[in-house]
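Heavy atoms only: backbone and side chains are in, while hydrogens, waters and symmetry mates are out. So you know, we letter chains A, B, ... as the sequences are listed, proteins then strands, and number each from 1.
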Amino acid sequence: MNRDHPPTIPTWILEHCTPGGSDSALRGDLLEEFRGGRSVAWYWRQTLAVLALGCRRAVRVYGAALLFAALWSMLAPAWLHLVSELRLRMDFAGQMRQIDWPWSNLFDLSLSLASVMFFIWAGAVLYLLPQLGIARSLGLGRLSRGFLWSTQMFISAYGALVLLLVLFPTHFAGPPTLTAFGEITDFRADSLVRRIPFLLTLLCALWPATRRAMMGCNRTAA
Amino acid sequence: MADRSYLGEFELMILLAVLQLGEEAYGVPIARLLEAHRGRDVSIGSVYAALERMETKGLVSSSLGDPTPERGGKAKRYFQVTDAGLRQAHETRKVLTSLWHQLPALKRRCA
């Protein structure tokens, strides 16, 4: 180590261990100061401060997204309950019988998926509303891609859940809840497990925005 | 778009430093200026964190300069105070000044 080369370990920490990545301009500033005569101890202190700030920001950004996704997915069974009530009222099953197989099943599946994704995307939009700056900086293309990936995530997670219910039917066979409010306040194991696909899908939909919030809207982490 | 909340102490100091430095306002001189006035070490990371917060609020804007070899090929990020930032700084100063003027006893004690 000499004046041209700052200590290796803190430089490596800055480049690889800072949550969200550290700004290259910030790393350049630290290097400029070090080459200008600052001590190794100073360089270490600055690095640890950057690391601590990155961790604090990670807890805030990822914590907020996780908390929101958990709370929103708690409402998912109530939403499904409302949708199924609506289908009963509209005699959806009767209308499906008038359509030939396999179109009836395909239509039914598509409609179910659409209602689920509507709920998840409504949650994502609600979360992004106070962060319009970040949403704008991402652009419609990346946001839409995030939403599309989330559909794939839901299908995969729901598939895994169905498999779990088939393999262990006795573990997840509680009596049904009769009201939408009852669904929200239902914290039995099977109800919680049924919320997991919603939680994962919402996190997937929020991921681009959360990552952008961590990186900063206009920052270069290269 | 800037909100109506007032600037924090550190944010106000940084905003004033950026104004004072003009076209030379990037991380190193901002931190040095703050150190000179505060009389203690300033973390460049916290300067950047505050500037990013203010950039999200529309109080400052930034642009990258050219990469230079003495900075390991890394560009400087120059900051400028926006009109909204200037308004916010004036508003905060007005409130602080008005509050200080209402403390004659404390002013005499400090003098």
Side-chain angles (χ1 to χ4, degrees), chain A residues 3-6 10-11 13-15 18-39 41-58 60-61 130-137 212-222, chain B residues 1-5 8 10-11 14 17-18 21 24-36 38 40-80 82 84-85:
Chain A
R3 274 287 132 211
D4 279 341
H5 299 285
T11 304
I13 290 174
L14 274 174
E15 283 170 6
T18 314
S22 60
D23 194 330
S24 70
L26 165 63
R27 295 203 302 272
D29 284 352
L30 293 181
L31 187 60
E32 184 185 327
E33 281 288 74
F34 181 75
R35 286 178 175 169
R38 297 281 197 171
S39 65
W42 177 89
Y43 195 83
W44 263 104
R45 273 201 308 278
Q46 294 287 331
T47 302
L48 293 178
V50 171
L51 188 65
L53 285 163
C55 291
R56 203 170 71 180
R57 188 212 283 251
R60 200 179 65 236
V61 172
Q131 308 177 49
L132 275 181
I134 287 167
R136 273 199 211 106
S137 75
R212 179 53 62 99
M214 264 310 288
M215 302 275 290
C217 285
N218 305 305
R219 220 178 63 186
T220 49
Chain B
M1 181 75 190
D3 57 18
R4 291 288 301 160
S5 62
F10 193 56
E11 287 175 336
I14 289 175
V18 173
L21 289 163
E24 279 306 304
Y26 69 97
V28 171
I30 296 172
R32 279 190 188 159
L33 190 63
L34 290 177
E35 274 176 8
R38 296 174 81 195
R40 58 185 148 117
D41 222 8
V42 169
S43 143
I44 296 183
S46 61
V47 169
Y48 269 81
L51 282 165
E52 271 172 24
R53 249 188 341 262
M54 289 195 281
E55 194 167 14
T56 311
K57 291 181 193 169
L59 305 179
V60 295
S61 61
S62 70
S63 53
L64 281 178
D66 293 324
T68 51
E70 63 269 20
R71 292 167 55 87
K74 293 173 178 73
K76 292 172 184 171
R77 180 175 288 281
Y78 291 101
F79 293 91
Q80 298 91 34
T82 61

A.B. asks: Heavy atoms only: give me the nearest B/Glu70-A/Arg35 pair and the separation to one decimal.
C.D. replies: O-NH1, 3.0 Å
A.B. asks: Which residue is it: B/Lys74, B/Arg71, B/Arg77? I am looking for the one with a salt bridge (charged side-chain N to carboxylate O under 4.0 Å, His left out) to A/Asp29.
C.D. replies: B/Arg71
A.B. asks: Can you sort out the partners of A/Glu15 under side chain to side chain contact (heavy atoms under 4.5 Å, CB included), two or more places apart, ordered by chain and number?
C.D. replies: A/Thr11, A/Arg27
A.B. asks: Checking heavy atoms, do the side chain of A/Leu26, its backbone, both or neither come under 4.5 Å from chain B?
C.D. replies: both
A.B. asks: Does any backbone or side-chain atom of B/Val47 lie under 4.5 Å from a heavy atom of chain A? Answer side chain, backbone, both or neither.
C.D. replies: neither
A.B. asks: I need the minimum non-hydrogen distance between B/Ser46 and A/Leu53, along with the two atoms involved.
C.D. replies: N-CD1, 3.3 Å
A.B. asks: If I measure from the heavy atoms of chain A, does B/Arg53 come under 4.5 Å with its side chain, its backbone, both, or neither?
C.D. replies: neither
A.B. asks: Between A/Gln46 and B/Ile44, which heavy-atom pair has the shortest distance, and what is it?
C.D. replies: OE1-N, 2.7 Å
A.B. asks: Find out whether A/Trp42 and B/Asp41 are in side-chain contact, i.e. whether some heavy atom of one side chain is under 4.5 Å from a heavy atom of the other.
C.D. replies: yes
A.B. asks: Would you sort out whether B/Thr68 and A/Glu32 count as a side chain to side chain contact (heavy atoms under 4.5 Å, CB included), showing the intermediate values?
C.D. replies: CA-CA 10 Å; B/Thr68 51; A/Glu32 184 185 327; over 6 Å; no
A.B. asks: Measure distances from A/Arg56 to the heavy atoms of chain B and classify the residue's part below 4.5 Å as side chain, backbone, both or neither.
C.D. replies: neither
A.B. asks: Which atoms of B/Pro69 come close to chain A, meaning under 4.5 Å heavy atom to heavy atom: side chain ones, backbone ones, both, or neither?
C.D. replies: backbone
